[in-house]
Amino acid sequence: METKESLHHGINKPKTKLGQIKMDKLITTAEHLFTQKGFYNTSIADICKEAQTAVGTFYIYFDTKTDVYRFLMEKYKNEIKNLLAKGIENCTTRYEKEREGIKCFVKYAVLNPNVYDIIWGSLSIDRNMFVDYYESFAKSYTKSLNRDGKEVSSLDHTTIAYILMGISNFLGLRAMFEEMTDEKIDEMVDNSVMPALSKGFLHFN
């Protein structure tokens, strides 16, 4: 039997490749059921039955059902941060970073609609998960805005970070609702979003 190595409180790292496969199956199944049935209508037994895994196996990796949810939140946060970092790695101006960053997030949202269900659903499960998720992004965003200070308004950069996060979030929703293609997303950002930002609190050169 595998020994436990903690990743986060209540979440334990697999020791073997087979263990990783089992854990990944539980996570994927839980994500599907949480999205389809909701957190409170999904039991650990439901997750294990759907994943064709013994209930005892679940407790090797997770202490509670909430810990699976917390793992998903961390997973999305890391995926999105890595995606955005890669998307803007060749950008040299704040204008380019905002343009490419928004495009990256919106395209990710279209391909991963479950992200909204899980992230916003966390507010009714454990408010701290929801707060920690967005505060983490806001801190990273604020640091980036501070580094490019000459191209950004002197208004409070944390406030600007939250505004930009909100813009990306709701553009992602619009793109999902309208089933936008990548080309349509590019057109929306290039022709409407960036001109609006340029005339506002981001003083692009």
Side-chain angles (χ1 to χ4, degrees), residues 7-8 11 13-14 20 23-24 27-28 31 68-122 128-176 180-198 200-205:
L7 288 171
H8 300 283
I11 304 171
K13 181 180 180 180
Q20 187 65 60
M23 184 181 186
D24 290 344
I27 293 163
T28 301
E31 178 181 21
V68 184
Y69 210 99
R70 185 174 293 107
F71 184 94
L72 286 170
M73 294 285 286
E74 287 292 318
K75 172 177 174 286
Y76 295 148
K77 181 175 70 177
N78 292 331
E79 278 183 358
I80 294 169
K81 284 188 174 183
N82 289 336
L83 176 73
L84 295 176
K86 184 176 180 180
I88 68 172
E89 63 183 354
N90 295 319
C91 298
T92 58
T93 67
R94 192 71 229 175
Y95 183 96
E96 292 173 345
K97 291 175 185 177
E98 294 303 329
R99 183 188 64 206
E100 299 309 313
I102 292 170
K103 288 180 181 180
C104 280
F105 178 82
V106 174
K107 290 173 184 178
Y108 174 86
V110 170
L111 293 174
N112 301 275
N114 290 354
V115 170
Y116 282 98
D117 294 314
I118 299 296
I119 293 173
W120 290 5
S122 69
N128 289 330
M129 278 196 285
F130 186 82
V131 173
D132 290 345
Y133 178 87
Y134 279 108
E135 282 189 339
S136 175
F137 274 101
K139 288 176 182 177
S140 298
Y141 216 147
T142 301
K143 287 180 181 178
S144 182
L145 291 171
N146 288 340
R147 286 194 295 268
D148 295 327
K150 291 182 179 179
E151 297 178 78
V152 184
S153 166
S154 59
L155 297 173
D156 177 61
H157 286 179
T158 299
T159 301
I160 293 175
Y162 273 100
I163 291 170
L164 291 168
M165 286 160 55
I167 288 171
S168 293
N169 263 313
F170 283 93
L171 289 175
L173 284 177
R174 180 191 175 189
M176 283 169 48
M180 287 187 180
T181 61
D182 285 356
E183 291 75 17
K184 184 66 177 177
I185 291 169
D186 288 342
E187 179 184 335
M188 173 179 66
V189 175
D190 289 339
N191 298 339
S192 297
V193 179
M194 296 313 297
L197 291 181
S198 295
F201 44 76
L202 298 177
H203 305 314
F204 300 126
N205 295 325

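In what follows, residues are counted from 1 in the order of the sequence shown. Quick caveat, the model's predicted, so the values are computed rather than measured.
The two residues Gly101 and Leu84 have their closest heavy-atom pair at O-CD2, 3.3 Å. Listed here is the closest heavy atom pair of Glu100 and Gly87: CB-O, 3.8 Å. The heavy-atom pair separating Lys81 from Ser140 by the smallest distance is NZ-OG, 3.4 Å. For the pair Ala175 and Val106, the tightest heavy-atom approach, listed with the atom from each and the gap, is CB-CG1, 3.5 Å. Here the closest non-hydrogen pair linking Tyr69 and Asp117 is OH-O, 3.7 Å. Nearest heavy-atom pair, Ala161 versus Tyr141, reported as atom, atom and distance to 0.1 Å: CB-CB, 3.7 Å.
In this structure, Leu145 CG and Leu164 CG are separated by 6.5 Å, a value rounded to the nearest 0.5 Å. Annotation: the span from Lys143 atom NZ to His157 atom NE2 amounts to 15.0 Å, rounded to 0.5 Å. Here the CD-OG1 distance, from Glu187 to Thr181, works out to 8.5 Å after rounding to the nearest 0.5 Å. Taking CD1 from Ile80 and CZ from Phe105, the interatomic distance works out to 5.0 Å, rounded to the nearest 0.5 Å. Thr93 OG1 to Arg99 CZ: the interatomic distance, rounded to the nearest 0.5 Å, is 7.0 Å. Taken to the nearest 0.5 Å, the CG atom of Asn112 stands 6.5 Å off from the CD atom of Glu79.
A 6.0 Å sphere centred on NZ of Lys75 holds more than 12 heavy atoms belonging to other residues, nucleotides or ligands. Environment of NZ in Lys86: sparse, with no more than 12 heavy atoms of neighbouring residues, nucleotides or ligands closer than 6.0 Å.
For the residue pair Arg94 and Ser144, a side-chain donor N or O sits within less than 3.5 Å of a side-chain acceptor on the partner.
Side-chain contact check for Thr159 versus Tyr162: every heavy-atom pair is 4.5 Å or farther apart. In this structure the side chain of Met180 reaches within 4.5 angstrom of the side chain of Arg174, judged on heavy atoms.
The backbone N or O of Thr92 sits less than 3.5 Å from a side-chain atom of Glu96, completing a donor-acceptor pair. No donor-acceptor distance shorter than 3.5 angstrom exists from the side chain of Tyr108 to the backbone of Gly172, with no hydrogens or angles considered. Judged by distance alone, with hydrogens and angles left aside, the side-chain atoms of Ser122 form a donor-acceptor pair with the main-chain N or O of Ile119 at under 3.5 Å. Judged by distance alone, with hydrogens and angles left aside, the side-chain atoms of Ser198 form a donor-acceptor pair with the main-chain N or O of Met194 at under 3.5 Å.
Taking 4.0 Å as the cut-off between side-chain N and carboxylate O, Lys103 and Asp190 count as a salt-bridged pair. One finds a salt bridge joining Lys107 and Asp186 here, because a Lys/Arg side-chain nitrogen approaches an Asp/Glu carboxylate oxygen to under 4.0 Å.
For the side-chain contact (heavy atoms from CB on, under 4.5 Å) with Ile185, the lone residue among Val110, Leu171, Val193, Ile102 that qualifies is Val110. The one candidate from Ile163, Asn146, Thr142 that meets the side-chain contact (heavy atoms from CB on, under 4.5 Å) condition with Thr158 is Thr142.
Seen from the ring of Phe137, Lys77 does not count as a face-on cation partner, given the 6.0 Å and 45° thresholds.
Ring planes of Trp120 and Phe170: tilted class, angle from 30 to 60°.
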| request: Decide yes or no on side chain to side chain contact (heavy atoms under 4.5 Å, CB included) for Tyr95 and Leu197, but give the supporting numbers first. | output: CA-CA 9 Å; Tyr95 183 96; Leu197 291 181; over 6 Å; no

